[in-house]
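Down below is the structure, laid out as structure tokens.
In each ligand, atom 1 is the first atom listed, and ligand 1 is the first ligand listed.
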Amino acid sequence: MEKPTALIAATAIIVTLAVLAGVSANDPGMLQDVCVADLNSSIKVNGFPCKAQFNASHFFSDVLVKPGNTNNTLGFVVTGASVLRIPGLNTLGLFFGQADFAPGGLNPPHTHPCASEIAFVLYGELEVGFITTANVLVSKTIRAGEIFVFPRGLVHYQKNKGRLPPSIIAAFDSQLPGTQYIAATLFGATPSLPDNVLSIAFQVGMEDVQKIKAKFAPK
Ligand code: MN
């Protein structure tokens, strides 16, 4: 009789954990079948108000049909299908995106304040990693068909290791995960952070701060 009891106890623990995971999901739960975002509404709520009428087009996007253009300083581009592109995602707590890399391309250190990220390598080879709040770097080389997870809010990066352009598909548990690129956030904010704040924070001279700021000046 011990085995069934142990099984029931294990099942109870698993169900409890599943429920807790559901309760602690990042976006609030749904209160109706669908709530297609009315992106033009003047009403401000947490998320977007629901449209009165909707159709299949509100749940569709072809934004990932073509690969993104990686011809930029970082050799990297992300194409996201958030609630802003698929209004039917409103209240569903989901986001789907693709990241394309040129040879040597880098998705620089950044965080998503509202979501964890699970990334699947379509093709190529990348070095990826995140840093815990205890300042431990958790990194790995990942290849086509493999998956890596980036916990919510932690600083992370993805770098193309190969000579060919790799591509990643990533899912997030928020309709709008938000992205803060660390360097651009600190050195390219508007209005600008005071030079002396950055100078003390980074333990470098004002000239160095101004040099980096010039690279991230809003265009
Ligand atoms: Mn990310």
Side-chain angles (χ1 to χ4, degrees), residues 21 24-28 37 46-47 61-86 89-162 164-190 212 215-216 218:
S24 64
N26 293 328
D27 284 4
N46 186 24
S61 173
D62 60 0
V63 72
L64 300 185
V65 171
K66 289 182 189 165
N69 182 359
T70 58
N71 185 17
N72 56 51
T73 315
L74 296 169
F76 158 79
V77 70
V78 65
T79 312
S82 76
V83 67
L84 302 178
R85 281 211 168 102
I86 307 180
L89 279 177
N90 194 33
T91 74
L92 302 191
L94 296 170
F95 171 101
F96 199 56
Q98 177 165 330
D100 293 299
F101 299 77
L106 171 72
N107 184 1
H110 64 280
T111 79
H112 306 291
C114 302
S116 295
E117 171 178 352
I118 180 164
F120 174 81
V121 185
L122 282 178
Y123 46 88
E125 182 182 359
L126 301 112
E127 178 198 324
V128 302
F130 62 82
I131 302 161
T132 70
T133 56
N135 254 357
V136 175
L137 173 65
V138 180
S139 70
K140 184 166 173 52
T141 296
I142 55 172
R143 301 178 178 85
E146 297 179 344
I147 286 170
F148 200 81
V149 173
F150 305 92
R152 174 166 53 138
L154 297 187
V155 174
H156 60 283
Y157 71 95
Q158 298 148 349
K159 171 101 171 68
N160 180 9
K161 272 188 87 171
L164 297 173
S167 190
I168 292 176
I169 288 280
F172 299 75
D173 59 341
S174 171
Q175 64 180 27
L176 206 54
T179 300
Q180 278 193 305
Y181 284 102
I182 306 305
T185 296
L186 292 174
F187 292 92
T190 307
I212 303 172
K215 306 228 180 234
F216 291 96

Quiz: residues 91-116 side-chain donor-acceptor pairs under 3.5 angstrom, not counting sequence neighbours:
| unit_1 | atom_1 | unit_2 | atom_2 | d |
| --- | --- | --- | --- | --- |
| Gln98 | NE2 | Asp100 | OD1 | 3.1 |
| Gln98 | NE2 | Asp100 | OD2 | 3.4 |
| Gln98 | NE2 | Ser167 | OG | 3.2 |
| Asp100 | OD1 | Ser167 | OG | 2.8 |
| Asp100 | OD2 | Gly68 | N | 2.9 |
| Asn107 | OD1 | His110 | ND1 | 3.4 |
| Asn107 | OD1 | Tyr181 | OH | 3.1 |
| Asn107 | ND2 | Gln158 | OE1 | 2.9 |
| His110 | ND1 | Pro108 | O | 2.8 |
| His110 | ND1 | His156 | O | 3.3 |
| His110 | NE2 | His112 | NE2 | 3.3 |
| His110 | NE2 | His156 | NE2 | 2.9 |
| His112 | ND1 | Gly178 | O | 3.0 |
| His112 | ND1 | Thr179 | OG1 | 3.1 |
| His112 | NE2 | Glu117 | OE1 | 3.0 |
| His112 | NE2 | His156 | NE2 | 3.3 |
| Ser116 | OG | Arg152 | N | 2.9 |

Next item on the list: Provide the atom name of the closest N, O or S atom of Glu117 relative to the Mn ion (ligand 1).
Entry: OE1
Check: How is the N/O/S atom of His112 that comes nearest to the Mn ion (ligand 1) named?
Finding: NE2
Next item on the list: In plain terms, say whether Arg143 and Glu125 are close enough for a salt bridge, that is, a side-chain N and a carboxylate O under 4.0 Å apart.
Entry: yes
Next item on the list: Please note down the angle at the Mn ion (ligand 1) between NE2 of His156 and NE2 of His110, to the nearest 10°.
Entry: 80°
Check: Which pairs count as side chain to side chain donor-acceptor pair (under 3.5 Å) when at least one residue sits in residues 61-82, sequence neighbours excluded?
Finding: none
Notebook entry, point to check: Val136 versus Ile131: any side-chain heavy-atom pair under 4.5 Å?
Noted result: no
